[in-house]
Number of protein chains: 2
Amino acid sequence: MTIKGKATSLDIAHLAGVSQPTVSRALRGSPMVNEETRKRIQAIAEQLNYKVDKNASNLRTQHSGTIALLFFEDPTPDDSQINPFFLSMLGSITRACAMRGYDLLISFQQLSTDWQADYEDSNKADGLILLGYGDYLESQSRLERLVEQGTHFVRWGAVLPGQPGISIGCDNFQGGHDITQHLLHQGRRNIAFLGHASNHYPEFFERYRGYAHALLTSGQRVQPGLQFDAITTEQSGYEAACELLKRGTPFDAIFAASDLIAIGAMKALHERSMRVPEEVAVAGFDDIPMAGFVNPSLSTVQQDTKLAGTILVETLLALVNNEPAQSRTIPVTLALRRSSGAA
Amino acid sequence: MTIKGKATSLDIAHLAGVSQPTVSRALRGSPMVNEETRKRIQAIAEQLNYKVDKNASNLRTQHSGTIALLFFEDPTPDDSQINPFFLSMLGSITRACAMRGYDLLISFQQLSTDWQADYEDSNKADGLILLGYGDYLESQSRLERLVEQGTHFVRWGAVLPGQPGISIGCDNFQGGHDITQHLLHQGRRNIAFLGHASNHYPEFFERYRGYAHALLTSGQRVQPGLQFDAITTEQSGYEAACELLKRGTPFDAIFAASDLIAIGAMKALHERSMRVPEEVAVAGFDDIPMAGFVNPSLSTVQQDTKLAGTILVETLLALVNNEPAQSRTIPVTLALRRSSGAA
DNA sequence: CTGAAAGCGCTTACAG
DNA sequence: CTGAAAGCGCTTACAG
């Protein structure tokens, strides 16, 4: 028997001598269907390679079994690599979705464009995961709009009071504190901070506050002249380090707000033949795969991307199912290597 | 005016004082609708934040505007990182899809499980992109089954005659040839090959054949004792290099079938305090982001992932639209760095 | 240029 | 345990 095009539940019903709803029930494992009938139907379905049409079932049930992952990128002039940290988040989010039987739709969004909750609005997804650095204040009004519209979403980022919606993030303050304390323990006293330190970049700002806190509790001063703005790219880190060197303020360590910044900074130091860690200790944040491979290997703050992915998905699904859900902070650990003189 | 739940085209029709089909036409830009009517409808739609229900429109039109990307992974015991090369393919595929107005569904598949063309069968996707290393012969029967079922798919991999379906791949033979020739030009004579060299791994095998061809045309012998199996992980590269060292056959260069293998091999050399490139020149394949950061920086064969992603998507969409499409090979270039003594 | 009608392939009360 | 009926929200001939 050949059926032109794809088999439908009606085709199977004919073949099995039952009604179409019975096929639907049987295949979805309803307890209200005779076991023998079910087996017969299942056999036919398999033979015809039948698969439920998701468009039809989603239309009927009004949910999609799909989550949309939206990456926000600062537009890079060269269309360069995606931030490696987000790529490892992507891996763990994908696995967490698979575990819960959800499909994952992914999409890159330009921060600048007028993105919307299109995926959920058009019923392609039951909820959204928002991932990406960028100017927080710029996106805040959009987050508020998502909340207003009742869109289900979680975002990865700083967890702060008064934010619209639910956020999952690592403990940026603690991470900044711990790595700075480590640099202090290594005998460093003039520690520069490379990265934005304002409420436009709340994650970096938290890391900066942790850094400042560690300095103060160990009796050091926070030197404003040792902070230089940078976004999370190698290029930006390189430029910030050049500024730092040009300024002439003495320093014996750099805490970069991300590994990419740290790697760019190390390049600038290397060009001037400054030795790491002997002359300048360097530390980053994220523990991207590259961190262990650069020379010298980079001491950094490790974010547990696997746990993060799981929690993002679990929290979003709770939201989708109208279960209680809340913002959460994930603990960080130090990954100490040679760039700080630790290994 | 408040509408409970999401607005539908019928809601808009009521508000605009037209029929529901007219709303549909207006919003889809049909030329058969009065310009003023269209504007009125569009204004209302925007105000209500209306989005066409994709489940309904897809059901009706029988296509999804979505492509599914299936990653095949050899199961790793530690749930470790995804192959970085595939991650950069992912980036370019995502962008290429966005450019054509398609959404991208991604999914990791265990090679071992009985994966199917579920996404297309269930109408969630119009076609599939298959990405991943693994034993080719094991997957071949599945590819044949996809062809039989009339599933639209393209795979990334070796382009060889007699393969089921359409394949896009880089010129593995040329890449293997060029990098080997480069090592020969550096004065190396005993060049080991780390990577599987059998038709179970056609991409690696092509690279191996390029390597052998370069040796032969320059008057060298191919020494079977200098080939060691490895899959594309750091661990596997490390182990293969250990075997090579244990064997005791003299060698002054390594061509690894992938960058991850090369990085693992360099680790093994490093542990024995063998200097790269002075004692052993090393080259890889792929040009993953890490290649430029390892120490010494890794000479390798660069695959143009951006072009690859574009071609994969273009080819698949041609297939979906019943336009002519064919397998293609993409040229490679050498990225020469310090590990081969080139920079 | 516009509307009434049909139908995409399911799921789920409702009735038996 | 099973079937007849309705309906999810669209798009597209068909008729005017």
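Residue numbers start from 1 in every chain, and the chains themselves are labelled A, B, ... in the order their sequence lines are given, proteins ahead of strands.
For dC10(C), neither phosphate oxygen OP1 nor OP2 lies less than 4.0 angstrom from any side-chain nitrogen or oxygen of S57(A). An OP1 or OP2 oxygen of dG9(D) is reached within less than 4.0 angstrom by no side-chain nitrogen or oxygen of Y50(B). Residue Q62(A) has a polar side-chain atom (N or O) positioned under 4.0 Å from OP1 or OP2 of dG9(D). At the phosphate of dT2(D), OP1 or OP2 sits under 4.0 Å from a side-chain N or O atom of T37(A). Proximity of S9(B) to the phosphate of dC10(D): a side-chain N or O atom is located under 4.0 Å from OP1 or OP2. Phosphate proximity of dG3(C) to T22(B): present, with a side-chain N or O under 4.0 Å from OP1 or OP2. OP1 or OP2 of dC10(C) has not a single side-chain nitrogen or oxygen of R25(A) nearer than 4.0 Å.
The 12-atom threshold is not exceeded at CD of E36(A), counting heavy atoms of other residues, nucleotides or ligands nearer than 6.0 Å. Open room surrounds CZ on R328(B); 12 or fewer heavy atoms of other groups in view lie less than 6.0 Å from it.
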Test salt bridge (Lys or Arg N to Asp or Glu O under 4.0 Å) applied to R145(A) and E148(A), step by step:
CA-CA 5 Å; R145(A) 202 158 146 226; E148(A) 268 171 38; 5.8 Å; no
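In terms of position along DNA chain D, the nucleotide closest to P31(A) lies nearer the 5' end than the nucleotide closest to the other residue of the pair P31(A) and P21(A).
Remark: dA4(D) base-pairs with no nucleotide in the shown strands. Criterion, Watson-Crick or G-U wobble with two distances under 3.5 Å. Base pairing of dA13(D): no nucleotide in any strand meets the Watson-Crick or G-U wobble criterion (both distances under 3.5 Å).
Listed nucleotides: dT2(C), dG3(D), dG9(D). Nearest to the side chain of N34(B): dT2(C). In this structure, the nucleotide among dT2(C), dG3(C), dG9(C) sitting nearest to the side chain of M32(B) is dT2(C). Residue V52(B) places its side chain closer to dC10(D) than to any other of dT2(D), dG3(C), dC10(D).
For the residue pair D126(A)/S64(A), the side-chain donor-acceptor check at 3.5 Å is satisfied.
When the P atom of dG3(C) is taken as reference, atom CD1 of I12(B) falls 15 Å away, rounded to whole Å. For the pair D53(A) CG and dG7(C) P, the interatomic distance rounds to 18 Å; values are reported in whole Å.
Ring orientation note: the planes of F85(B) and W156(B) are tilted relative to one another, at an angle of 30° to 60°.
Residue S24(B) is in base contact, counting any heavy-atom pair closer than 4.0 Å across all strands shown.
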